[in-house]
Amino acid sequence: MKELLLEIFGWLGYLERPRVLLQLGLVIAVVLLTREARRQRWLPALPMIAYPPLGLMALGLGCGALAGLGMPQGLASLLGLQWLGWYGINLLHQPLARWLPPQRLHQLESRLLRPAYLVGSALLLIREVDNFNDIAVIRLGELLGVSVSFGKLFNALVVVYLVLVGCGPPAAGLAWLVQRSLGLSEGSRKAMELMLRYLVVSLGLVGVAMHLGINSTALIAVAGGLSVGLGFGIKEVFSNFISGIWLLFEGSVRPGEVLMLDGDPCEVRRLGLRATLLWRDRDNAELLIPNQTFFTAAATTYTASDRMRRSQVNVGAAYHHDPAAVIALLEATALEVPRVLPTPAPKALLLTYGDSAIHYALRFWIANPMDNVGICSDVNQSIWQAFRRDGIEIPFPQQVQYDMAWPPESHTSNHSPAP
Amino acid sequence: MLAKRLLNGMMGQLMPSMAPPPAARKPQRRRDRLLSLLSGLALLAPLGGCTTGRQWPNVVYVAIGANKDQLITAELKQAFQDQWMKVGARFRQIHPDTHFQFGIYPEDEMVEVMRRRSRSGLAPDLLLVNGDTALRLRQAGLVDPFPVHKEQLAIFNEEEVRRLRSPDGQLAGLPVLVQTQLSCFNRQRLSEPPATLQELLNATANGHPMGLSLDLYYLFWIVGSTGALPAMDRAVLGHSLNPADRQALTGWLAWMQNASNQQRVSIFPDHPTAEAEFKAGRLDWIPCRSTVLPQLRRVMGSALGVAPLPDGVGHRASPINRLRVLALGRSSSAAGRRRALAFSYYSVNPLTQRTLTLGSQTALPANRFVTVPVQSSQVLAAMVTAANQGLQANSLVTLVHTNDPRIPRVQTLLTELVFGERNPEGATTELIEILQARP
C-alpha cells in the first residue's frame with residue numbers, strides 16, 4: 001500500500017514542469033470562464049446547452065495554439081476530450097428518456113454510465129504519467145495467504161461492481177423470456193429475476209475470490225467462521241436474508257403480491273435482502289417490513305392463487321319493499337358498475353331485520369384487490385341511484401319520544417285518545 | 001479542492017436542471033467565489049514554486065525498457081528496484097531530497113509511449129533502454145542528445161559509443177551497463193558445460209536434454225559459432241555473396257536443422273517457456289541472459305551453472321549483448337534535467353558501476369576502467385568472455401534493430417526449417433533475399 005501511495009504522490013512532481021502547468025491552467029481557465037459565461041448569460045441569444053461546446057471550441061483553439069508554438073498540448077487535449085465525452089453523456093439523456101422509464105434511466109446513468117466514464121477517464125489520465133502494468137503489479141498485502149496486487153484488486157472491484165449493478169437488465173431480460181415461454185405470472189417473473197440476480201452475484205463473488213487466488217479451503221474456513229459470527233452477532237440480518245430467500249421460493253411474498261397489513265391492502269414492491277418494501281394505496285406510504293415478519297407471523301393475501309377479491313357493501317331498505325325485488329335490483333345494479341366482474345355473479349343477501357330497515361348485503365368480485373375502496377364507492381353510488389329510480393326508500397332510524405310521569409302508573413301516551 | 005472545483009465546473013455546465021432554489025443561491029454564489037479564489041491560488045502556487053523548486057518533490061522519473069522475453073511482473077519490478085534503488089540511495093547522500101520513480105515499459109512499445117507522453121509534456125526525465133532503442137528514439141526526436149564531453153566519453157568502449165551516435169553525430173544515450181548472453185546449465189546433471197557446438201550435440205547424444213527457442217535473439221550466437229557471421233554481415237550490407245558465404249550460411253541453417261532432429265534437443269516457440277522447463281529440471285542446458293540469473297538462482301540454488309556460449313571449430317559464438325543506456329526525455333523542467341544529468345553521470349562513475357554490476361552479477365559495467373574480478377567469480381568470467389564474443393556482432397546489431405521487419409521473416413523461415421518444411425539450401429536463398437531487402 002505504501003508503494004502505491006508513493007507512486008501516486010510521485011506524480012505530483014510533474015507539476016514542477018511549466019509546460020504541464022500551462023496546459024492545466026488553460027483547461028481550468030476555460031472551464032471556469034465557460035461556467036461564468038453560462039451563469040451570467042454573456043451571450044443571451046444562446047441556450048444554456050450551447051455554452052459547453054463553445055468552451056470546448058475555445059479549449060481546442062488553445063490546444064491548437066500550443067501545438068503551433070511547438071509546445072506540448074496532449075494533456076489539455078485529453079482533458080478536453082474527456083469534457084466532451086461528459087457533455088456527450090449528458091446529451092444522451094434525452095434520447096434515452098424516450099426508451100427507458102425514469103427510474104431505469106437514473107439507475108443506468110448514475111450507476112453505470114457515469115461511474116464507468118469517470119473510471120475510464122481516470123485510467124486514461126494515469127496512462128499519461130505511468131504504466132498500468134507497472135502499477136498493477138504493486139503488492140498491497142496478503143489476503144488469506146494470497147498476495148494481492150493492485151491490478152488484481154482493481155479487476156476484482158470492477159467485476160464485483162459490474163456484477164452488482166449490471167446483472168439487473170440481463171436477469172430481467174431472461175426472466176421476461178421465461179415468462180413469455182412458460183406463461184408465468186407477473187409475480188413469478190419478478191421472483192425469478194431476483195433469484196437470477198442473487199445467483200449471478202454469488203457466482204461473481206466466488207469468481208472474484210478465485211481470480212484473487214483464494215483457495216476453496218480458505219473460503220470454506222471463512223464461511224465456517226462467519227456462520228458462527230452470524231449465529232451470535234448479526235442473526236437478525238441473516239434471519240431476514242434467509243427469510244427473504246425462502247419467501248421467494250415459496251412464492252407467498254413476491255413483488256406484485258397484495259397483502260393485508262393492519263387492515264389495509266398493500267402491494268409488495270420489492271423483496272430486499274433485509275426487508276420487504278410494501279406500498280399502501282390509502283396514503284401512498286411505502287412500508288419497510290423485515291422479511292422475518294412474513295416468515296413467522298400470519299398474513300392475509302389476496303394474490304396467492306388468483307388476484308380476485310370478493311368485496312361487499314351493506315345497505316338498508318324500508319320494510320314495505322318486497323325483499324325479492326330489492327335483492328334483484330341490487331344484483332342488477334352491481335352488474336352495471338364497470339369494474340365489478342360479471343363472473344362470479346354478484347350476490348345480494350337479506351341479512352337481518354333491523355330497527356328501522358331490513359339490512360341487505362351485496363357481494364361482488366373485483367379483479368384488482370388494490371381497487372377495493374374505489375369500486376365499493378362506485379357500487380354504493382349506483383345503489384343510491386337505482387333505489388331512487390325505483391322508489392325504494394333507505395329509511396332513517398326513527399325514534400318516538402314520550403314525556404315521562406311519576407309514578408309510572410300515571411304515565412299516558414303523548415297521543416292520548418280525544419276525550 | 002481544485003479537482004472538485006473543476007468537476008463542479010464541468011458538471012455545472014451540463015446540468016442546468018440541477019440549479020438550486022433561489023433562496024440557496026446567495027450563499028452558493030459566495031461559496032463559488034471562494035472556490036474560484038482557491039482554485040486560482042492552487043493554480044498559482046506551483047507557478048510561484050517553480051522558481052524556488054521547493055514546492056514539489058524533486059522526482060527523477062525513470063522509464064525502464066523491458067525486453068520482449070521479460071514479462072512485467074512484481075518480481076521483475078523488484079529486481080529493477082533492488083538494483084537501482086541502491087544507487088538512488090547513495091545518490092541522495094550527495095543530492096538530498098531527490099526521489100526516484102521507476103516505470104517499466106515493454107521495449108518495443110517505448111517509441112509509442114514516449115511519443116504520447118512527450119505530446120503531453122509528461123515524458124520521463126530518463127530512459128534506461130537498449131542502445132538501439134535509444135537510437136530509434138533519438139531519430140524520432142523523442143529524446144534529447146546526451147550532452148557529454150569528449151573526455152568523459154573516454155571511459156567507454158569507443159566502438160560502443162560510435163554505435164550510439166545518431167546520423168547527426170549526436171549521442172543518443174549514455175552507456176551504463178552491458179547485459180550478456182550466456183549458457184546456463186544444471187551442475188547436478190552436467191558436470192562440464194559444452195564448450196563447442198560439437199560438445200553440445202555430444203551431450204545430447206549422451207542423454208542430456210537441451211533447449212533452444214525460435215527467438216532469433218537466442219539463436220543468433222550459433223551464426224558466429226558456425227562461421228556464418230561475416231556472410232550475414234555482407235548480406236545485411238547489401239553486398240553480393242560469393243559461394244563461400246552461401247556455404248557458410250547453409251552451414252548455420254544445416255546445423256539448426258540437424259539440432260532439431262536430435263531426440264534430446266527441444267525447440268520452444270519462445271524463450272520464457274524454455275526457461276520454465278529449465279527451472280523445472282526438464283532441461284540440462286539452455287542459452288540465457290545475464291539478467292535472469294537471479295531468478296534462476298532463486299529456484300535452482302547451487303545447481304545453476306553459468307558458462308559462455310559454445311564456440312565452433314575456429315569460430316567464436318556471436319551472442320547479442322545488450323548495451324543499456326540512459327537517454328534524456330524531452331519534457332523535463334530545467335531542474336529536472338539537472339537532476340537527470342547529475343544522476344546519469346553518477347551512474348557511470350566507477351564506484352556506482354561496481355554497485356550496479358558486481359553486486360547483482362547480472363550485467364557488466366559500461367565504464368571500461370572498472371575492473372571486473374574474473375578470478376573470484378565464474379559468472380563474471382563467463383560474462384566477460386560473452387562480452388568479448390559479442391563484439392563481433394556489434395556491426396550487425398547496429399544495422400538491424402530489434403523492431404526491424406526482417407526479424408519476424410527470418411524467424412518464420414527458421415521455424416519452417418526446424419520443422420523440416422524447407423531444406424538448408426533453399427532456406428539459404430530466401431534468407432539472403434530477406435537480409436538484403438532493406439526496410
Side-chain angles (χ1 to χ4, degrees), chain A residues 3 6-7 9-25 27-29 31-32 34-39 47-49 51-52 55 67 71-79 82-83 86-87 89-91 93 118 127-131 133-139 147 149, chain B residues 2 5-16 29 32 36 39-40 42-47 49-50 53 55-61 63-64 66 71-78 99-106 109 113 116-123 330-336:
Chain A
E3 199 184 341
L6 282 175
E7 190 89 11
F9 284 122
W11 300 337
L12 288 176
Y14 285 112
L15 294 176
E16 182 197 53
R17 299 181 177 181
R19 291 172 174 194
V20 173
L21 285 173
L22 185 64
Q23 293 178 75
L24 289 176
V27 175
I28 293 169
V31 168
L32 292 180
T34 310
R35 182 183 165 85
E36 204 58 29
R38 195 187 124 263
R39 189 184 296 158
M48 295 289 232
I49 203 162
Y51 280 88
M71 297 177 83
Q73 40 70 39
L75 182 62
S77 299
L78 178 65
L79 289 169
Q82 292 183 347
W83 185 11
W86 188 259
Y87 178 67
I89 285 182
N90 284 280
L91 284 185
H93 181 86
L118 289 176
R127 201 175 70 134
E128 289 294 304
V129 292
D130 221 316
N131 183 15
N133 291 344
D134 197 20
I135 299 174
V137 298
I138 291 176
R139 281 191 57 192
S147 171
S149 65
Chain B
L2 190 60
R5 171 76 174 144
L6 186 62
L7 193 65
N8 282 343
M10 284 180 167
M11 290 180 75
Q13 307 301 317
L14 305 163
M15 301 182 77
R29 238 176 248 166
D32 285 346
S36 301
S39 56
L43 187 66
L44 288 174
L47 284 170
C50 72
Q55 295 296 316
W56 303 106
N58 297 328
V59 184
V60 180
Y61 295 98
I64 301 176
L71 291 175
I72 298 175
T73 59
E75 201 176 20
L76 182 73
K77 195 175 161 82
Q78 192 62 47
H99 304 275
F100 292 87
Q101 194 170 69
F102 297 100
I104 306 173
Y105 296 87
E109 291 175 15
V113 169
R116 190 182 68 236
R117 291 185 58 172
S118 298
R119 220 164 26 221
S120 299
L122 294 164
R330 299 201 66 186
S331 308
S332 304
S333 62

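Just so you know, these numbers come straight off a predicted model, no measurement behind them. All chains are named by letter (A, B, ...) in the order of the sequence lines, taking the proteins before the strands, and each is independently numbered beginning at 1.
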Atom pair [atom1]/[atom2] of [X] and [Y] - distance to nearest 0.5 Å:
X        : Y        : atom1 : atom2 : value
A:Met71  : B:Ser331 : CE    : OG    : 11.5 Å
A:Asn133 : B:Lys77  : CG    : NZ    : 10.5 Å
A:Asp130 : B:Leu122 : CG    : CG    : 11.0 Å
A:Leu78  : B:Arg116 : CG    : CZ    : 9.5 Å
B:Gln101 : A:Glu7   : CD    : CD    : 4.0 Å
B:Ser333 : A:Leu15  : OG    : CG    : 11.0 Å

Self-check item: Per-residue contact mode, A:Gln73 against chain B (heavy atom under 4.5 angstrom)
Solution: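 Contact with chain B involves both backbone and side-chain atoms of A:Gln73.
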Practice problem: Heavy-atom distances under 4.5 Å only: say whether A:Ile89 touches chain B with side chain, backbone, both or neither. | Solution: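 Neither the backbone nor the side chain of A:Ile89 comes within 4.5 Å of chain B.
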Do any N or O atoms from the side chain of [X] and from the backbone of [Y] form a donor-acceptor pair under 3.5 angstrom?
X        : Y        : answer
B:Tyr105 : A:Asp134 : no
B:Arg117 : A:Val129 : yes
A:Arg139 : B:Ala74  : no

Quiz item: Under a 4.5 Å heavy-atom cutoff, which of A:Ile135, A:Ile138, A:Val20 has the most pairs with chain B?
Solution: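 If we count pairs closer than 4.5 Å to chain B, A:Val20 comes out on top.
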Exercise. For the pair B:Asn58 and A:Glu16, evaluate side chain to side chain contact (heavy atoms under 4.5 Å, CB included) and give the outcome as yes or no after the intermediate values.
Key: CA-CA 8 Å; B:Asn58 297 328; A:Glu16 182 197 53; 4.2 Å; yes
Quiz item: If you look at every heavy atom in A:Leu75 and B:Ser120, which pair is closest and at what distance?
Solution: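 For A:Leu75 versus B:Ser120, the nearest heavy atoms are N-OG, 3.3 Å.
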Quiz item: Minimum heavy-atom separation for A:Tyr14 to B:Tyr61, with atom names?
Solution: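 For A:Tyr14 and B:Tyr61, the tightest heavy-atom pair comes out as N-OH, 3.1 Å.
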Quiz item: Quick one: are A:Asn131 and B:Ile72 in side-chain contact, heavy atoms under 4.5 Å?
Solution: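 With C-beta onward as the side chain, the pair touches.
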Quiz item: Do you know which of B:Ser332, B:Ala335, B:Gly336 has the most heavy-atom pairs under 4.5 Å to chain A?
Solution: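 Most heavy-atom pairs within the cutoff with chain A belong to B:Ser332.
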Quiz item: If you tally heavy-atom pairs under 4.5 Å against chain A, which of B:Ala63, B:Ala334, B:Gly121 wins?
Solution: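 Among B:Ala63, B:Ala334, B:Gly121, the one with the most close pairs to chain A is B:Gly121.
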Practice problem: Let me know if B:Phe100 has heavy atoms under 4.5 Å from chain A in its side chain, its backbone, both or neither. | Solution: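 Neither part, no heavy atoms under 4.5 Å.
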